Protein chains: 4
Amino acid sequence: MTIKVAVAGASGYAGGEILRLLCGHPRLRSGDLEIGALTAGGNAGASLGSQHPHLLPLADRVLQETTPEVLAGHDVVFLGLPHGTSGAIADALPPTTLIIDCGADHRLQNAQDWMDYYGSEHAGTWPYGLPELPGNREVLRDATRVAVPGCYPTISILSLRPAVAAGLVEPHVTVVAVSGTSGAGRAAKVDLLASEVIGSSRAYGVGGVHRHTPEIAQALSAAADLPVGVSFTPVLVPMSRGILATCTARTSASAAEVRAAYEKDYGDETFVHLLPEGVLPTTGSVLGSNAVQIAVTVDERAGTLVAVGAIDNLTKGTGGAAVQSMNLALGWDEAEGLSTVGVAP
Amino acid sequence: MTIKVAVAGASGYAGGEILRLLCGHPRLRSGDLEIGALTAGGNAGASLGSQHPHLLPLADRVLQETTPEVLAGHDVVFLGLPHGTSGAIADALPPTTLIIDCGADHRLQNAQDWMDYYGSEHAGTWPYGLPELPGNREVLRDATRVAVPGCYPTISILSLRPAVAAGLVEPHVTVVAVSGTSGAGRAAKVDLLASEVIGSSRAYGVGGVHRHTPEIAQALSAAADLPVGVSFTPVLVPMSRGILATCTARTSASAAEVRAAYEKDYGDETFVHLLPEGVLPTTGSVLGSNAVQIAVTVDERAGTLVAVGAIDNLTKGTGGAAVQSMNLALGWDEAEGLSTVGVAP
Amino acid sequence: MTIKVAVAGASGYAGGEILRLLCGHPRLRSGDLEIGALTAGGNAGASLGSQHPHLLPLADRVLQETTPEVLAGHDVVFLGLPHGTSGAIADALPPTTLIIDCGADHRLQNAQDWMDYYGSEHAGTWPYGLPELPGNREVLRDATRVAVPGCYPTISILSLRPAVAAGLVEPHVTVVAVSGTSGAGRAAKVDLLASEVIGSSRAYGVGGVHRHTPEIAQALSAAADLPVGVSFTPVLVPMSRGILATCTARTSASAAEVRAAYEKDYGDETFVHLLPEGVLPTTGSVLGSNAVQIAVTVDERAGTLVAVGAIDNLTKGTGGAAVQSMNLALGWDEAEGLSTVGVAP
Amino acid sequence: MTIKVAVAGASGYAGGEILRLLCGHPRLRSGDLEIGALTAGGNAGASLGSQHPHLLPLADRVLQETTPEVLAGHDVVFLGLPHGTSGAIADALPPTTLIIDCGADHRLQNAQDWMDYYGSEHAGTWPYGLPELPGNREVLRDATRVAVPGCYPTISILSLRPAVAAGLVEPHVTVVAVSGTSGAGRAAKVDLLASEVIGSSRAYGVGGVHRHTPEIAQALSAAADLPVGVSFTPVLVPMSRGILATCTARTSASAAEVRAAYEKDYGDETFVHLLPEGVLPTTGSVLGSNAVQIAVTVDERAGTLVAVGAIDNLTKGTGGAAVQSMNLALGWDEAEGLSTVGVAP
């Protein structure tokens with residue numbers, strides 16, 4: 001049986017990344033996988049090549065409108081849509097269709113959090129596409145709906161969770177995460193113009209107002225089994241891809257205790273790499289890959305745990321997590337079509 | 001009387017920036033200031049133009065050896081030298097010579113801090129070239145020795161001090177500061193190659209081992225009149241100039257209380273600009289200028305003060321502070337030859 | 001008498017650069033110059049600070065609508081407007097007002113060229129704001145209308161003219177000019193997003209269709225006194241400011257003959273610097289300055305003259321040329337408020 | 001039978017790229033291919049992970065000395081060594097070992113050209129690893145020695161050859177090629193520091209002195225069957241990977257004639273893509289891939305053919321061409337382990 005895949009929002013960065021990964025997926029070459037409808041909003045009618053000139057094998061594909069009718073008849077539907085729109089699409093597709101939503105709509109468990117941060121009615125909660133959280137892998141294997149985590153939450157949660165879950169830090173964490181611009185999407189905005197970004201860094205969403213904040217708090221609070229306060233500040237820096245999260249929390253644990261907790265949690269993971277002591281992650285070394293690189297240490301003078309994590313926001317932070325979730329839900333090897341080797345330098 | 005200025009380490013980035021600013025200083029045009037000896041280490045014998053092609057008016061100047069003999073006979077000597085070397089130079093020059101050291105040697109008050117972080121004997125403490133600290137401006141007006149602050153301390157201290165001094169935060173602060181590469185100096189190192197830096201971000205000196213940590217703690221502890229713990233993490237991002245520091249501390253104060261403290265401290269400052277509420281600093285907007293842009297707010301959910309500050313690490317972070325200190329010590333207007341207008345975009 | 005200056009299109013990059021230079025102009029400090037109305041199109045009503053956070057001294061100024069009424073009553077009016085719009089504005093202002101147009105409308109002498117490249121009626125020809133062309137400086141001293149040259153033409157013409165005028169090359173030249181993104185203006189377009197630009201280079205306007213082509217041909221043909229063919233290709237590269245033009249033409253002259261021609265033409269110029277043999281220009285070294293750096297040599301194997309020139313497209317390529325023209329027309333020193341020192345690294 | 005592969009110069013960029021591609025090669029997973037010795041010069045003794053943190057699966061491999069003894073016993077040996085050193089290594093290995101040299105030593109056919117540009121004795125000529133040249137593919141299938149083309153020659157030759165071979169242009173071409181910094185290698189040099197490169201563009205090797213010039217002339221002259229003059233200027237721009245070559249030559253042919261020649265030559269090629277009319281290549285869209293994107297048109301006003309080509313200098317320009325040549329010489333599908341999909345944005 002050939003699995004037929006559709007991508008809604010194919011002209012955006014999330015959609016483009018999913019297609020990049022699918023083009024290299026061994027199941028495509030073997031015929032187990034087939035790329036069906038590609039849809040868009042304002043770019044419907046254009047060729048995919050005009051939107052994503054790097055996707056040469058699909059250059060002549062024409063983008064269709066994003067409607068349930070166009071998306072029907074596929075086994076897997078990836079959604080790379082503006083938040084607030086995926087619920088209606090999902091409701092119009094059969095419950096057996098595997099829907100993998102790269103948007104925010106179905107990530108939060110608490111409807112009030114959604115209301116506070118997005119100001120609309122909550123569409124509901126789907127299985128969370130972060131297989132590296134305890135228990136999640138099993139849930140995803142049976143899922144027909146998946147909420148792909150936000151890019152900042154992915155690396156923030158993975159960088160802090162072992163310490164939080166083991167009770168090694170106080171239940172208040174600080175995350176300052178630098179990010180490339182592709183995380184902000186492909187809409188034409190003056191403050192994302194190359195002229196404004198090159199040679200300049202800036203924080204945004206300062207003061208806890210970034211919408212990824214409650215998603216980080218949700219996972220860490222679950223890990224700690226008590227409310228964890230999260231101070232989260234994203235910083236835009238002049239690169240296209242990559243997130244480097246510097247995560248701190250007060251601790252009285254030793255570096256060895258902390259390290260042991262991380263080794264235990266991530267020792268068997270394919271994509272999460274705890275770096276040797278003294279080695280620090282770079283976003284360049286995970287570019288285009290699904291790898292997560294984490295370094296953790298304790299600053300004894302300041303009584304502070306410092307964990308630094310790096311991912312490619314478009315791969316492990318979006319499209320890679322989506323493909324990883326698809327692999328699990330289809331019963332394939334989780335790592336098929338995903339690399340741990342970055343494109344560097 | 002014409003003030004004769006020498007620059008030691010003129011082929012490095014600090015020396016180049018001082019010369020850039022001196023070239024535009026109105027006292028140079030008026031004849032009150034004269035640029036004398038320019039010295040270097042390995043680049044002695046080369047023309048300045050071969051090292052700094054942007055300094056056109058000085059292109060034909062030949063770099064001399066950095067020796068007390070060459071530096072003698074100047075009224076002002078700027079030192080942009082490797083740490084550990086400025087003490088001996090200073091000792092060999094007359095006490096009346098105004099010596100402005102851009103290196104680290106004379107910044108710390110505690111000899112043990114120096115020993116812990118630099119592993120050598122402490123050269124002594126000089127007046128600290130940050131006029132925006134209470135009382136410092138007066139000290140600098142009478143000084144013949146000035147220790148220019150480190151670039152990270154400058155923005156970290158300015159971003160946090162009003163809150164710390166007013167007792168509005170707990171005495172433990174977290175600073176994550178992204179920086180361009182020029183702060184790492186001009187020595188040829190593989191990890192500073194453009195190929196390694198472009199498209200990649202990385203933290204370094206993680207765990208409190210960066211040498212600017214005790215300098216930040218020193219100023220904040222003095223402000224609080226009690227020991228302030230500092231968790232400091234620098235992050236290298238793909239730009240040449242600029243530091244953006246995201247500074248956090250636990251607080252129960254309101255945003256209004258915090259804001260009032262900053263307004264009080266910085267209301268009269270020429271170079272420190274507290275941005276209007278909702279406006280956030282960018283390093284691009286201070287590029288090449290001596291301006292400091294600071295935004296401060298309180299994240300009430302997380303009970304955390306967040307201050308974000310931006311400077312150009314080579315200007316206000318090094319060469320601009322050096323010129324500002326010179327102006328004060330010579331009895332000139334502190335702002336002469338220094339701009340609050342950045343080169344953007 | 002105080003000269004009152006208005007800037008139309010103040011929220012764009014040309015307008016912002018003119019204001020950056022005016023903020024540092026010594027005639028502003030002396031009171032000879034005053035900054036009057038600042039106008040905009042879609043951004044009218046906003047504060048200048050919200051558009052150009054680097055222009056701190058003018059941050060609170062409110063942008064007005066671009067109308068003849070608002071611009072009336074000024075001695076100097078700078079226009080940084082979309083092409084096709086400056087003629088009507090100029091017609092509505094007194095003939096004695098000094099109008100300096102940074103747009104393309106009044107650069108071309110041949111109305112058919114305008115029609116071919118812009119597809120509308122030609123607004124007429126104004127004195128060309130490139131004082132370094134023979135005779136132009138005198139014309140500009142008497143002018144009340146100035147057409148600021150295009151950024152690519154400025155560096156292409158200056159890099160090739162001495163050889164073309166001296167008949168040292170065949171009357172067919174090739175220019176490939178890399179440019180930062182600010183030359184494309186500040187309109188929000190997907191292909192100028194940082195994500196699209198960082199890590200990527202691309203040519204555009206290939207095949208002689210870029211609108212700066214006839215402007216280059218016009219000046220070189222005048223210099224040669226015969227039609228000069230121009231193959232011009234602009235290349236967008238990941239930087240914000242700067243143009244580096246590589247200009248070639250077939251020659252049988254020697255390197256010495258060529259060099260002599262350039263030395264003769266540029267020996268007395270303040271802003272045009274012929275670099276020593278073996279030294280090549282970088283755009284970084286002219287950043288923010290009005291300097292032009294040119295290297296010229298002959299490839300004897302290929303029988304080809306190669307001239308490489310660098311400018312900052314926003315300074316000497318736009319705002320600096322505008323201020324230089326203003327200085328001339330007001331009888332001031334041409335170089336006031338303009339630097340030959342770039343902001344590097 | 002398992003093919004055992006060694007990589008000499010594994011800590012450099014060429015070696016790292018070969019290893020990146022081998023890590024994703026399907027023959028590695030199937031067991032047909034095995035990665036043997038990895039050698040280095042100054043980095044011998046270090047782990048590969050310390051040099052190339054993006055090559056996670058090989059992180060623990062230890063770099064050995066580059067000696068014939070270490071390289072013996074492998075079926076394939078890739079050489080990523082300084083020029084002048086590969087001849088001796090090759091002589092010490094059996095003639096049946098497939099040696100693929102990424103250096104310049106064996107590219108040129110004319111010993112005098114080598115002497116003129118490299119100043120040493122010529123090591124001899126090997127089959128040229130550009131399968132897209134007529135006849136080369138067949139030669140490479142039987143080869144045990146392969147000279148991988150230079151990065152600039154690869155894209156310059158591919159962009160111009162169809163027009164030159166068809167006699168559609170005058171036998172004098174101009175190439176201005178912008179390049180990322182990785183082409184300059186990984187040696188620590190001040191002028192390749194990120195601080196010097198970011199925000200700045202500069203030409204180098206101006207006047208026909210760049211060593212890739214005779215290599216371009218050699219291929220184009222062979223195609224034309226007469227000497228073709230080549231004016232070649234490389235321009236360093238602020239990106240890590242990618243070359244965009246703008247290639248011009250005088251022509252009286254029509255755009256249609258030119259296009260037909262390119263379609264004929266490249267219609268069956270896997271990696272060379274002639275873009276639709278009006279579409280222009282970007283280096284970002286070929287990043288990390290082995291694809292070549294070419295646009296060609298005729299500027300009728302200037303009587304000039306303009307061809308613009310893009311490659312990733314490390315992939316199709318070095319490591320990808322090396323793997324493509326290996327595939328051919330081993331009788332495998334030329335495209336195995338090589339992608340036509342770039343990593344964008």
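Because only heavy atoms are used, hydrogens play no part in the values below, and waters and symmetry mates are left out as well, while side chains stay in. Owing to the predicted nature of the structure, the values given are computational and were not obtained by experimental measurement. Chain naming here is simple, since letters A, B, ... match the order of the sequence lines and numbering starts at 1 in each.
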Euclidean distance, Ile216(A) CD1 relative to His212(A) NE2, rounded to 0.5 Å: 8.0 Å

CG on Leu275(A) to CD on Gln293(A), rounded to 0.5 Å: 5.0 Å

Has [X] got a side-chain atom pairing as donor or acceptor with [Y]'s backbone, closer than 3.5 angstrom?
X: Gln218(B); Y: Gln109(B); result: yes
X: Thr318(A); Y: Asn313(A); result: yes
X: Ser240(A); Y: Gly180(A); result: no

What part of [X] is in contact with chain A, defined as an atom under 4.5 angstrom from a non-hydrogen atom: side chain, backbone, both or neither?
X: Val178(B); value: side chain
X: Ala203(B); value: both
X: Thr233(B); value: side chain

What residue, out of [options], has the most heavy-atom pairs lying under 4.5 Å from chain B?
options: Gly229(A), Gly207(A), Gly284(A); result: Gly207(A)
options: Leu280(A), Thr297(A), Val306(A); result: Leu280(A)
options: Ala217(A), Ala302(A), Ala295(A), Ser285(A); result: Ala302(A)

For chain A, which candidate among [options] shows the most heavy-atom pairs at distances under 4.5 Å?
options: Gly199(B), Gly242(B), Ala310(B); result: Gly199(B)
options: Val228(B), Ile243(B), Thr282(B), Val235(B); result: Thr282(B)
options: Val206(B), Val298(B), Thr174(B); result: Val206(B)
options: Ser201(B), Gly208(B), Pro238(B); result: Ser201(B)
options: Arg202(B), His172(B), Glu300(B); result: His172(B)

Is the [X] ring parallel, tilted or perpendicular to the [Y] ring (thresholds 30°, 60°)?
X: Phe232(A); Y: His210(A); value: perpendicular
X: Tyr204(B); Y: Tyr152(B); value: tilted
X: Tyr118(B); Y: Trp114(B); value: parallel

Qualifying residue, where the test is side-chain contact (heavy atoms from CB on, under 4.5 Å) with Val169(A) and the options are Leu305(A), Leu160(A), Thr304(A):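 Answer to the side-chain contact (heavy atoms from CB on, under 4.5 Å) test with Val169(A) among Leu305(A), Leu160(A), Thr304(A): Leu305(A).
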
Region of Pro281(A) that comes under 4.5 Å of a non-hydrogen atom in chain B: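 The answer is the backbone of Pro281(A).
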
Which residues share a side chain to side chain contact (heavy atoms under 4.5 Å, CB included) with Asp225(A), sequence neighbours left out: none

Salt bridge (Lys or Arg N to Asp or Glu O under 4.0 Å) evaluation trace for Glu17(A) with Arg241(A): CA-CA 11 Å; Glu17(A) 183 70 355; Arg241(A) 286 173 176 244; 2.6 Å; yes

Greater than 12 external heavy atoms within 6.0 Å of Glu263(B)'s CD: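 Atom CD in Glu263(B) is packed in, count exceeds 12.
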
Proximal to chain A - members of residues 247-256 of chain B, heavy-atom separation under 4.5 Å: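 Heavy-atom contacts from residues 247-256 of chain B to chain A are Thr248(B), Arg250(B).
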
